Amino acid sequence: QVQLVESGGGSVQAGGSLKLSCAVSGFTSCLAWFRQAPGKEREAVAAITRGGSTTYADFAKGRFTGSTDNARKTLFLQMNSLKPEDTAMYYCAADWRFRVCSLVPGTFDDWGQGTQVTVSS
């Protein structure tokens, strides 16, 4: 089982930036960020393979950047040009079974507790 702890959330005005972090303990084959806004389903943001390849949801392309440190013990999400519709709880997720590294929630075994991001207009 992988332990995941997110940090870095907060409140920011539209157009601003935030960088989220997720401390990772344990072996992982794929790491990802998801988010869930009140009353909405959880949606994928970005998924990163062990080789560093990253897949982004359409809304994240060009604004968000997912990355890890060299040891894959910290997962990051740099978010720029934030919009009010980016307001959500952001979660990191991990797979350790070498399933396809994708944006599908069902392929992730372990989840963090989430960090809240609020973007005001």
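The first residue of the sequence shown is numbered 1, and numbering continues consecutively from there. All values reported here derive from a predicted model rather than from experimental measurement.
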*Do the ring planes of Trp111 and Phe34 sit parallel (below 30°), tilted (30 to 60°) or perpendicular (above 60°)?*
tilted

*Over all atoms of both residues, closest heavy-atom pair of Thr74 and Ser21*: CG2-CB, 4.3 Å

_Using every non-hydrogen atom in the two residues, find where Asp110 and Val2 come nearest and quote the distance to one decimal._
OD2-N, 3.1 Å

_Let me check something: do Leu4 and Leu75 share a hydrophobic cluster, defined by ILVMFWY side-chain heavy atoms less than 4.5 Å apart, either directly or through other members?_
yes

_In this structure, would Tyr91 and Leu77 fall into the same cluster of hydrophobic residues linked by side-chain contacts under 4.5 Å?_
no

_side-chain hydrogen bond (donor to acceptor under 3.5 Å, both in side chains) against Glu43, all qualifying residues, sequence neighbours excluded_ = Arg35

*Shared hydrophobic cluster for Trp96 and Leu103 (ILVMFWY, side-chain gaps under 4.5 Å)*: no

_On a heavy-atom basis, which atom in Arg50 and which in Thr28 lie closest, and how many Å separate them?_
NH1-O, 2.6 Å

*Does the distance from a Lys or Arg side-chain N to an Asp or Glu carboxylate O, for Lys61 and Asp58, drop under 4.0 Å?*
yes

*Drop me the distance from Thr115's OG1 to Trp33's CH2, to the nearest 0.5 angstrom.*
7.5 Å

_Nearest-0.5 Å distance, OH of residue Tyr90 to OG of residue Ser7_ = 15.0 Å

*Could you tell me which non-hydrogen atom of Ser67 sits nearest to which non-hydrogen atom of Ile48, and how far apart they are?*
N-CD1, 3.3 Å

*asked:* For Leu31 versus Ala94, what's the shortest heavy-atom pair and its separation?
replied: CD2-CB, 3.8 Å

*pair Met79-Val117: side-chain heavy atoms closer than 4.5 Å*: yes

*Does Arg63 reach the main-chain N or O of Phe59 with its side chain, forming a donor-acceptor pair under 3.5 Å?*
yes

*Might you point out which heavy atoms bring Gln78 and Asn80 nearest each other, and give the distance in Å?*
NE2-OD1, 2.9 Å

*Would a 4.5 Å heavy-atom cut-off, applied to side chains only, mark Cys30 and Thr107 as touching?*
no

*Roughly how far apart are Ser81 OG and Asp86 CG, rounded to 0.5 Å?*
9.5 Å

_Validation row: Ser120, Thr118 side chains within 4.5 angstrom (heavy atoms)_ = no

_As an exercise, state the distance from CZ of Phe76 to OG1 of Thr65, rounded to the nearest 0.5 Å._
12.5 Å

*asked:* Within the structure provided, determine whether Val5 and Gln113 are in side-chain contact (heavy-atom separation under 4.5 Å).
replied: yes

_Tyr56 side-chain N/O to Gly62 backbone N/O, donor-acceptor pair under 3.5 Å_ = no

*Exam field: side chain Ser29 to backbone Asp95, donor-acceptor pair closer than 3.5 Å*: yes

*asked:* With a 3.5 Å distance limit and no angle check, can you tell me whether Glu6 reaches the backbone of Leu20 through a side-chain donor-acceptor pair?
replied: no

*asked:* Donor-acceptor check, side chain of Thr87 to backbone of Val119, threshold 3.5 angstrom: yes or no?
replied: yes

*asked:* Quick check on the hydrophobic clustering: are Val24 and Phe98 connected, directly or via other members, by side-chain heavy-atom contacts under 4.5 Å?
replied: yes

_Lys83 NZ to Ser121 OG distance, which is reported to the nearest 0.5 Å_ = 14.0 Å

